[in-house]
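Computed over heavy atoms, backbone and side chain alike; hydrogens, waters and symmetry mates excluded.
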Amino acid sequence: MLDIQLLRSQLETVTEALAARGMRFDAAAFQAMEGERKSLQTRTQELQARRNALSKQIGMLKGKGEDASAVMSEVAGLGDELKANEQALSALLERINEFVARLPNLPHESVPHGADETANVEVLRWGSPRTIEAPVRDHVDIGAALGGLDFETAVKLAGSRFAVLRGGIARLHRALAQFMLDVHTREHGYTEVYVPYLVNPASMFGTGQLPKFEEDLFAVPFGEGGRFFLIPTSEVPVTNFVRGELLAPDALPMKFVGHTPCFRSEAGSYGRDTRGMIRQHQFDKVELVRIEHPERSWDALEELVGHAEAILRKLELPYRKMVLCTGDMGFSAAKTYDLEVWLPAQNTYREISSCSNCGDFQGRRMQARVRTAAGRNEFVHTLNGSGLAVGRTLVAVLENYQQADGSVRVPAALVPWMGGIELIEPVR
RNA sequence: GGAGGUGUGGCAGAGUGGUUGAAUGCACCGGUCUUGAAAACCGGCAGGGGUUCACGCCCCUCGUGAGUUCGAAUCUCACCGCCUCCGCCA
């Protein structure tokens, strides 16, 4: 959520910044609502002040045993107008709030300008694609040959965009997640967390999925009129740890790593990535989340990306590091690095991690603050990044480590997590 | 599922219709004292918003939302969380 004070005082600057993100911001509509709010609020508060003063008088008079009926009838006359004003004001405030809640975060000054992903900037390329003896097969064929990747059964069980894994590939999938968790906890200082996969609407608001992106989520009705949402990323439950909290300075930074399934409706992505497990309704992800002091968050972002990169390096998977341009960033992000892994079958790099600093955007939505040394309360800065998307890492390993005989080598760093297995062979 | 209790500032904890946004303690900040620290003492200290050049004035907030009342932390209702007991299930 943007600071409404900023909207009031720097309307032009904000409008420009949002335009860079491809967001058409109706400044006139906002100003109209604000003008109305101002007069309505002033009038309402005048009436409230009058009522409070008169009521206080009644109290004093009655305390002294005097007659208060004249004052009482005067204050009674205020009732209708006051009530009407209060209702109009709260309705308007709700409208303004809803309006502001749908505005995305402002890009950091270091973010390149551009309309879409073609304007993203490559800042680093690591590793070189190994030579694979022709023909190069994609993970779907590799998985089918191994008998470990089964989309037909998944369709029977659930539908398209789901997968069933078996044998060595299922094991590989588990090993990858465990490996990532162990590296981040042992080597990068993150605290492992286990969290709910269903969350309430307030949590979804806190990280920015609601109110604007409800169609991307799976909802589960519960109780009378209540509902849960399936998390689209563990960023949601983990970041919301601090919702509504006023934290002591020494409580920060908080560094969490969680492994959860993620659920996305993928509404609007109908023709895209229909083959294989690149884009699924359910996938596992190991997520890094950091709650930071405002002045530390930009350093923290660089660290965080490095932690995600470390996984790719240990697995010896070639990747490149991109800075997303203004037009390609997510709703809550102030700056985002994407890590893209080399997929030989697609002969290109594909996103496997997205690491963002959200600044105070989520902190303000969550009302999560930290008491600074100066005694002021500031909204915390929040960061999150995939470290990594497990399903896509599985795809990357299958494709990059495929061998001519149809088997798949296990990356050396992963062998201990595979119980010593170095080669994935067909399921019997 | 049934019965009862409870939800107040960073924390603990008073407050049951009227000059209470809220006693007190702890924590925190400033000062006195001290070579320094501690202790003691003095002072400050909830958040958000409106208005003002400023001093200030005003409004809202005691889990959330409705309601009663001239006036609600205090009364009523619903919801949410927590605690205890009973039942049921693992």
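- Centroid-to-centroid, the aromatic rings of F263(A) and F218(A) stay 6.0 Å apart or farther.
- With both pairing distances under 3.5 Å, G25(B) is matched to C11(B) as a Watson-Crick or G-U wobble pair.
- R51(A) has a side-chain polar atom (N or O) that falls below the 4.0 Å cut-off from OP1 or OP2 of C60(B).
- When both pairing distances are held under 3.5 Å, C85(B) makes a Watson-Crick or G-U pair with G2(B).
- Nucleotides C45(B) and G31(B) place their C1' atoms 15 Å apart, quoted to the nearest Å.
- Considering only side-chain atoms of N377(A), the nucleotide from C60(B), G47(B), C58(B) that sits closest is G47(B).
- If you measure from atom CG of L7(A) to atom C1' of G49(B), you get 16 Å, rounded to the nearest angstrom.
- On the P atoms, U8(B) is 12 Å away from C62(B), given to the nearest whole Å.
- The nucleotide whose nearest atom lies closest to any side-chain atom of K62(A) is, among C70(B), G50(B), C59(B), C70(B).
- In this model, the phosphate group of C59(B) is approached by a side-chain N or O of N52(A) to a distance below 4.0 Å at OP1 or OP2.
- If you take atom P in C28(B) and the same atom in A37(B), they sit 15 Å apart, rounded to whole Å.
- Closest to the side chain of M60(A), out of G10(B), U19(B), C59(B), is U19(B).
- The distance between atom CZ of R243(A) and atom C1' of G63(B), rounded to the nearest whole Å, is 13 Å.
- Pair assignment for C77(B) gives G65(B), based on Watson-Crick or G-U wobble hydrogen-bonding distances that are each under 3.5 Å.
- Remark: the separation of the P atoms in A46(B) and G21(B) is 15 Å, to the nearest Å.
- In this structure, the nucleotide among U19(B), G47(B), G50(B) sitting nearest to the side chain of K56(A) is U19(B).
- Between the P atoms of G25(B) and C41(B), the separation comes to 10 Å (whole Å).
- Nucleotide G67(B) holds its P atom 7 Å from the CD atom of Q87(A), rounded to whole Å.
- Nucleotide C41(B) forms a Watson-Crick or G-U wobble pair with G31(B), both donor-acceptor distances falling under 3.5 Å.
- Spacing between G50(B) and A39(B) at atom P, rounded to whole Å, works out to 41 Å.
- Y194(A) has its ring centre no less than 6.0 Å from the ring centre of H259(A).
- R50(A) comes within 4.0 angstrom of no nucleic acid atom, judged by non-hydrogen atoms across all strands.
- L246(A) comes within 4.0 angstrom of the backbone, heavy atoms only, and of no base.
- A side-chain N or O of S110(A) and one of K335(A) form a donor-acceptor pair less than 3.5 Å apart.
- For C53(B), there is no paired nucleotide, since no Watson-Crick or G-U wobble pair has both relevant distances below 3.5 Å.
- Residue order along RNA chain B, read from the 5' end via each residue's closest nucleotide, puts I4(A) first among A53(A) and I4(A).
- For the pair Q41(A) CD and U52(B) C1', the computed distance is 15 Å after rounding to whole Å.
- Rounded to the nearest Å, the gap between the C1' atom of A23(B) and that of A73(B) is 14 Å.
- You'll find the ring centres of W298(A) and H108(A) inside the 6.0 Å limit.
- Nearest nucleotide to the Q48(A) side chain, out of C60(B), G50(B), C58(B): C60(B).
- Proximity of the aromatic rings of F213(A) and F331(A) is defined here by a centroid distance below 6.0 angstrom, and this criterion is met.
- Here Q5(A) lies in heavy-atom contact (under 4.0 Å) with sugar-phosphate atoms only.
- When distances are taken from the side chain of Q45(A) to each of G50(B), C70(B), G47(B), the shortest belongs to G50(B).
- Of the candidates G48(B), G50(B), G71(B), the closest approach to any side-chain atom of K38(A) belongs to G50(B).
- Between E266(A) and R279(A), at least one side-chain nitrogen of the basic residue sits less than 4.0 Å from a carboxylate oxygen of the acidic one, meeting the salt-bridge criterion.
- In this structure, of C58(B), U68(B), G10(B), it is U68(B) that holds the atom nearest to the side chain of K83(A).
- Regarding Q57(A), its CD atom lies at a distance of 18 Å from the P atom of G18(B), rounded to whole Å.
- The same atom, P, is picked in U16(B) and in G87(B); the two are 37 Å apart, to the nearest Å.
- Judged by a 6.0 Å distance limit and a 45° cone about the ring axis, R365(A) is positioned over the six-membered ring of F205(A).
- Rounded to whole angstrom, the span from the CZ atom of R43(A) across to the C1' atom of U51(B) amounts to 16 Å.
- In this structure, the CD atom of E94(A) is 18 Å from the P atom of G49(B), given to the nearest Å.
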